[in-house]
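What follows is a short report on a single structure.
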Number of protein chains: 2
Amino acid sequence: MASMPTVTDVALAAGVSRQTVSNVMNSPGIVRADTRERVQAAIAQLGYRPHASARRLRTRRSSTIGIRLDPMIDGISGSVLDRFLHALTEQADKQGLRVLLFTATSPEDEITQLQRLNDGADVDGFVLTSTFAGDPRTKWLIENGISFVTFGRPWGTNDMNDPQHLWVDVDGWAGLHEATRAAQDGGARRIGYIGWPSPSGTGEDRRRGWRDAMLERGDVTEDDLALLEVVCEDGVAQGTAAMQELRRTAGTLDAVLCASDSLALGAMIANPERVPVTGYDNTPVAAAIGLSSVDQSVDEVAAGVLELLTGEFSGHVQGAPESDEPRHRMVKPRLVVREFAAIPMDVPGRATA
Amino acid sequence: MASMPTVTDVALAAGVSRQTVSNVMNSPGIVRADTRERVQAAIAQLGYRPHASARRLRTRRSSTIGIRLDPMIDGISGSVLDRFLHALTEQADKQGLRVLLFTATSPEDEITQLQRLNDGADVDGFVLTSTFAGDPRTKWLIENGISFVTFGRPWGTNDMNDPQHLWVDVDGWAGLHEATRAAQDGGARRIGYIGWPSPSGTGEDRRRGWRDAMLERGDVTEDDLALLEVVCEDGVAQGTAAMQELRRTAGTLDAVLCASDSLALGAMIANPERVPVTGYDNTPVAAAIGLSSVDQSVDEVAAGVLELLTGEFSGHVQGAPESDEPRHRMVKPRLVVREFAAIPMDVPGRATA
């Protein structure tokens with residue numbers, strides 16, 4: 001796209017202003033004949049195409065990806081989707097693709113938006129986020145033969161390898177497994193977990209990473225594991241309450257892992273013994289206060305999404321027999337270990353009222 | 001836009017599949033004559049326009065706003081632009097406008113992108129952020145007669161009322177003035193300020209709000225004010241260092257105001273006397289840890305930007321004599337007061353090494 005001649009190129013070549021070029025194209029009657037001929041010669045010589053819409057009409061290609069932007073959530077962890085959007089936009093730009101935003105109030109409303117943008121040929125394909133079991137959006141896209149890739153695996157039973165559903169996801173199991181192993185290698189035996197209530201595919205995936213690593217090491221029994229786990233909704237205040245409960249029920253506690261940075265920040269507030277706490281999402285908050293956290297590697301996710309989507313654009317026929325190309329990418333997250341010191345430093349003790 | 005007939009409407013009316021409608025439009029030879037006639041009748045009856053690009057070619061309108069998405073900054077305060085993008089996208093959607101993202105590595109590169117998107121008629125106008133004195137982007141847009149509104153005032157001398165530069169900004173002076181007054185009303189007399197080095201239009205604006213309120217009240221002399229101010233780059237570590245310096249130089253310190261939440265979070269870390277600290281931007285971090293902060297009211301900013309931009313679309317001729325309509329909006333920020341307790345609660349004292 002960048003190398004296509006522009007109005008400015010035509011203006012420079014013809015030695016006229018951009019406005020004059022525009023006049024030649026839209027109101028040729030008001031331009032002197034010799035000027036008009038000079039501009040038309042420049043247009044022909046440079047191969048200038050006056051309008052992207054005309055180009056699109058021929059190719060039925062908009063070079064545009066549609067993605068829903070969620071309403072702003074006033075939380076800490078929601079920013080991971082903003083970070084993904086930044087990564088996607090930057091990488092798409094390098095491939096001459098643009099990102100078009102839209103909003104939707106529900107999965108059903110989102111389908112209406114997808115349909116509108118697809119019918120208008122405004123986009124070549126979609127990136128979906130926040131997938132869930134029985135997601136009607138992906139079902140609709142597959143039925144209508146529209147190109148898409150999801151950030152998030154299909155969460156149903158036995159659909160991970162559905163050739164019609166292209167997806168990229170982060171291996172939350174591996175993230176929590178690694179975080180648990182790191183704590184164990186540092187000498188921790190009784191490692192608590194603060195996670196989300198069912199049903200949450202993402203939450204269950206992370207929880208299993210912790211459980212499996214704990215059972216593999218064999219430091220604690222299954223019964224002990226139940227005492228080392230607290231379930232709550234996401235949030236800082238919830239994390240504080242969960243940490244207080246864990247300190248009451250768990251007995252000795254060598255480390256605590258959390259399903260999100262919000263929970264981890266909350267846990268640190270009720271942590272007089274300074275038990276090491278690890279969060280999930282590696283948000284700016286975690287970096288700011290010195291909290292260890294599992295990083296989702298959104299750059300890798302964005303790269304995978306674009307690779308699958310452009311592969312789709314460049315020839316795959318929806319519904320055709322599947323090729324040998326893998327139809328999904330599982331990205332391994334990265335544990336970021338930080339000094340557990342920033343907040344409490346220099347702050348005097350104060351009992352809770 | 002939502003009420004325009006779609007391929008699905010045509011398919012339903014003609015009693016055929018969407019694919020058949022598409023075939024009639026693109027490969028009519030492969031469709032049976034009676035089916036083709038039924039589809040064509042439905043297209044005519046519904047007034048269906050087969051392609052957004054064709055519509056655009058006629059109207060030269062894309063119903064799209066272009067905005068640059070900055071590279072992700074791993075800080076706390078950068079998220080205010082993400083919050084603005086969310087607000088802009090949601091409000092634009094309600095008016096049938098879409099938001100197209102692009103990236104740029106410098107103001108000069110951004111001009112190249114603006115030109116490319118404008119030449120391609122991909123967007124009707126632009127929203128620019130992070131304006132600065134002598135900004136070449138706004139100069140270029142004005143010279144080329146392209147519609148735009150900036151989030152951020154022009155920061156040059158005497159250009160606040162330039163009729164060719166439509167802008168919306170947040171009154172940082174008023175934000176800091178109000179925060180200073182609130183501290184004074186709570187009994188504080190010696191109020192410190194941690195701000196950014198010159199030249200920063202935004203920073204100077206906030207700093208003056210504090211200075212003016214302090215001088216109006218007359219609790220401290222000009223000489224004292226110099227001792228109550230520390231200047232540093234933005235960041236949590238910088239805020240901690242600045243707070244330590246302030247505690248050495250300021251003597252008694254009743255409250256501290258900061259130019260950002262990052263600085264305020266840093267200041268709280270080196271705050272054993274628990275002096276009340278107020279930040280700026282009301283980020284999720286401030287909400288999470290219970291930090292008072294000045295909120296930029298991004299919803300109001302987005303509403304103002306769209307109001308000015310759609311006014312531009314609907315008839316204003318660039319370069320025409322200015323109308324009586326105000327060409328900018330100054331949004332008043334809002335002080336959010338929180339309990340200064342979340343972080344230190346329940347954490348034992350620990351001396352810095």
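Proteins come first, then strands; the chains are lettered A, B, ... in the order of their sequence lines, and each starts at number 1.
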Among all residues two or more places apart in sequence or in another chain, which pass the ring-ring contact (aromatic ring centres under 6.0 Å, His included) test with B:F84?
-> B:F151
Rounded to the nearest 0.5 Å, the CG atom of A:D82 sits from the CZ atom of B:R83 at a distance of 11.0 Å
Starting at CZ of A:R116, measure out to OG1 of B:T8 and round the result to the nearest 0.5 Å.
-> 13.5 Å
Roughly how far, to the nearest 0.5 Å, is the CG atom of B:D93 from the CZ atom of A:R68?
-> 12.0 Å
Between NE2 of B:H86 and CG of A:L101, what distance do you get to the nearest 0.5 Å?
-> 9.0 Å
Is chain B contacted by the side chain of A:S17, its backbone, both, or neither, given a heavy-atom distance below 4.5 Å?
-> neither
Check the surroundings of atom CD in B:E233: do more than 12 heavy atoms from other residues, nucleotides or ligands lie under 6.0 Å from it?
-> no
What residues, two or more places apart in sequence or in another chain, satisfy salt bridge (Lys or Arg N to Asp or Glu O under 4.0 Å) together with A:E300?
-> none
Which distance, rounded to the nearest 0.5 Å, do you find between the OG1 of A:T89 and the CD1 of B:I67?
-> 11.0 Å
Looking only at heavy atoms, the pair that brings A:R98 and B:D122 closest together is NH1-OD2, 2.7 Å
Looking only at heavy atoms, which two atoms of A:L69 and B:L85 are closest? And how far apart?
-> CD2-O, 3.8 Å
